[in-house]
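Heads up, the thing below is written out as structure tokens.
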2 protein chains.
Amino acid sequence: MQRKSTIYDIAAKLNVSVATVSRALNDKPNISAKTKKLVLKTAAEMHYEQNLLAVALKSGRSQNVGVIVPRIDSYFFSTVIKGIEEALNPYHYNVIICQTYRDKNTELTKIEALLNSQVDAIFISTSNDNEAAYERVLEKNVPLIFFDRTTDIETASSVTINDFEGGYQATKHLINSGCKKIAHFSGDQNIPIFRERFLGYRKALDDFAIDYNENLVIKTRSSLEEGKNAVKNLISQNILPDAIFSAIDYAALGAIQELQEGGYKIPEEISVIGFSNEPFTKFMELSITTINQFPLEMGKMAAQIFLEQLDSADAKIIKKVVLNPELILRKTTKEISVIDK
Amino acid sequence: MQRKSTIYDIAAKLNVSVATVSRALNDKPNISAKTKKLVLKTAAEMHYEQNLLAVALKSGRSQNVGVIVPRIDSYFFSTVIKGIEEALNPYHYNVIICQTYRDKNTELTKIEALLNSQVDAIFISTSNDNEAAYERVLEKNVPLIFFDRTTDIETASSVTINDFEGGYQATKHLINSGCKKIAHFSGDQNIPIFRERFLGYRKALDDFAIDYNENLVIKTRSSLEEGKNAVKNLISQNILPDAIFSAIDYAALGAIQELQEGGYKIPEEISVIGFSNEPFTKFMELSITTINQFPLEMGKMAAQIFLEQLDSADAKIIKKVVLNPELILRKTTKEISVIDK
């Protein structure tokens, strides 16, 4: 049987003192954040096992963190969660997940339940305005990190993507590939991420001197059906566009199915771009051009902010990280004949 | 402002005594399970709000239940969880979710974390053998309900589907539609659900007097890549079949993509059936024939077993529910010319 690793082994490997290793493992002061991280990483690599219960009792920490998302059955959210877990695993944090179905009261209940469970941090993607509850979490000194869908609270950290830029990139690509009449399936404009995508769309139209036509903007929710209905809507108004930028992948797929049933050629007659890079956008025979939101990186970054806050208990670090999205070109858009400027 | 509902309103509406309503809401004895459920349902409909914290303090319950799954980024598991939440919402239970990535130690950690959080029940889909931990949960009188992937412990309740029957139905359908050389992509045979699907496949071959050929059985994991490789494998051996029954939807899709790249016609030359009814199987232009495992019903059923156990604290009810799967016919299989027997 293999001998278990001890703190002596870790000290020897890193050429530091046993006291240093102990300080790192037991979360004591007088050690640099850099050294501490190195020790924890090495301990994880050497499969060093602390008595976790003893650690929790000593430190007053549960080693549990909570993640609250609107829904888990989405590639985006489940991948952010995976990113958080991957980043926190070496530090023996246990992630528990709650979903709100976007309901404001459910979100409140989940926050309370996590606080009652003594979690060490809460990661949340909100579509509600439970500001009072968020403030309460922060007052309790429980780190609260927002991702994707954030709040206006100044003192809360967040990791978001630049949705405006995503909307801009998508629309600009359609224009550069020769499209002139570009519809937008917009999502709920009360939710900031969708408002930003819409504003990016508008800005691109402006920059390329294309008139904005509000009849071409249709509010859709995340379903195939709503994408289909939006296309029917445009056809019935006799204003079928030469391109659709959908802020939602599912609505983009619904649009594509409806257009194909109507005999329209994609992308020759109509180009389509989605948003989120849901796995099916890649799987389809006619794979769908979409926007990568880097969910794994988002989760890792959110976890990193939490770890930094732990390192500096006195001076709480507030970070607002904004990731840049990336356009993924696939088969539902035309190639660009002129150079992308 | 609307007046809040009181227990007097509930009693009046149901024509029962206030004492009865109180017994139901506070989980006291001397009330039938039927009446109790009716009261709780009516209370929920009338938006009656108890002081939950007071209830928890009185009853020693946290009103939290935990769900442990291998991964959340699967239609099947996220839908089971939705079923559990829908069934428990009227009873003010709060669901917290953990994923194990199928790792045995991670599963142990999650069970401990949930017990430490004082959950009132644990729902688990396991692919590990943490029997000692399961026994510990049961000894603590915390209801433990298995779903999909279960254990051999006699005293644990479970809701599963008849995977054998699913494998049998899929294979029988292929035979009835004229296929004679049927490959099987089998999944990890150490996991009971995959072993059962394989046994169903074998039984159907036997029943229709088709010789079993072990070269046609290829172990695949849940990825497109493994499905593609399995097809390459068959081609390289020069034993391309006229049908594939894949125990995994993702491997089925990979196989279809590889076959299409090779110029094979589906279903004319080769039929393909998957398993699980992942959303993409429906979305594809060439929609994929697959097996419905009724995940929403499975979740609701599991929640129901928990509620029944609550109702009868003295005589603990053990239930082993087995759901029957359903074959969903789509475009990757041929129509049956003879009558299905």
Side-chain angles (χ1 to χ4, degrees), chain A residues 47 49 52-53 56 62-69 71-82 85-86 89 92-101 103 105-106 109-114 116-119 224 249-250 253-254 256-257 260 278-286 288 295, chain B residues 47 49 52-53 56 62-69 71-82 85-86 89 92-101 103 105-106 109-114 116-119 224 249-250 253-254 256-257 260 278-286 288 295:
Chain A
H47 302 289
E49 285 179 36
L52 287 180
L53 189 61
S62 70
Q63 293 296 116
N64 290 337
V65 302
V67 182
I68 300 176
V69 291
R71 33 189 278 237
I72 55 170
D73 67 340
S74 122
Y75 165 76
F76 176 75
F77 288 120
S78 63
T79 309
V80 174
I81 292 168
K82 197 178 172 194
E85 292 194 308
E86 282 185 8
N89 265 348
H92 295 296
Y93 277 101
N94 184 43
V95 173
I96 60 185
I97 306 155
C98 298
Q99 54 183 346
T100 65
Y101 300 97
D103 181 74
N105 279 325
T106 305
T109 310
K110 301 295 180 185
I111 292 171
E112 287 306 324
L114 290 175
N116 286 339
S117 299
Q118 311 290 327
V119 291
L224 267 64
D249 273 338
Y250 285 90
L253 176 56
I256 288 165
Q257 290 184 344
Q260 285 180 327
E278 287 280 342
F280 68 78
T281 60
K282 193 162 101 183
F283 294 167
M284 307 301 296
E285 287 120 271
L286 186 72
I288 302 172
Chain B
H47 302 290
E49 284 180 36
L52 287 181
L53 188 61
S62 69
Q63 291 297 116
N64 290 337
V65 301
V67 182
I68 300 177
V69 290
R71 31 189 280 233
I72 55 170
D73 67 339
S74 123
Y75 164 76
F76 176 77
F77 289 119
S78 62
T79 309
V80 174
I81 292 168
K82 197 177 172 197
E85 292 194 309
E86 283 184 8
N89 266 347
H92 296 297
Y93 277 100
N94 184 44
V95 173
I96 60 185
I97 306 154
C98 299
Q99 55 183 345
T100 65
Y101 301 98
D103 181 73
N105 279 325
T106 306
T109 310
K110 301 297 180 185
I111 291 171
E112 287 305 323
L114 290 175
N116 287 338
S117 298
Q118 310 290 327
V119 291
L224 267 63
D249 273 338
Y250 285 91
L253 176 56
I256 288 165
Q257 291 184 344
Q260 285 180 326
E278 287 280 342
F280 67 78
T281 60
K282 194 163 100 184
F283 294 168
M284 308 300 297
E285 286 122 89
L286 186 72
I288 302 172

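Only a predicted model underlies this, so the values are computations on that prediction, with no experimental measurement involved. Numbered from 1 within each chain, the chains take letters A, B, ... in sequence-line order.
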Identify which of A/Q118, A/Q260, A/K82 forms the greatest number of heavy-atom pairs closer than 4.5 Å to chain B.
A/K82
Going by heavy atoms in the side chains, are A/I72 and B/F77 under 4.5 Å from each other?
no
Any chance you could measure A/N64, atom CG, to B/E112, atom CD, to the nearest 0.5 Å?
11.0 Å
Residue B/F76 versus chain A: region with a heavy atom under 4.5 Å
neither
How long is the gap from CG on A/N116 to CD on B/Q63, to the nearest 0.5 Å?
11.5 Å
Side chain, backbone, both or neither: which part of B/Y101 has an atom under 4.5 Å from a heavy atom of chain A?
side chain
Got a second to check how far B/L286's CG is from A/M284's CE, nearest 0.5 Å?
10.5 Å
Which bit of A/F280 comes within less than 4.5 Å of chain B, counting heavy atoms only: side chain, backbone, both or neither?
side chain
With a 4.5 angstrom heavy-atom cut-off, which part of B/E278 approaches chain A: side chain, backbone, both or neither?
neither
Among B/V119, B/I96, B/N94, B/D73, which residue has the highest count of heavy-atom pairs closer than 4.5 Å to chain A?
B/N94
To check you understand the geometry: which heavy-atom pair defines the closest contact between A/Q99 and B/I81, and what is its length?
NE2-CG2, 3.7 Å
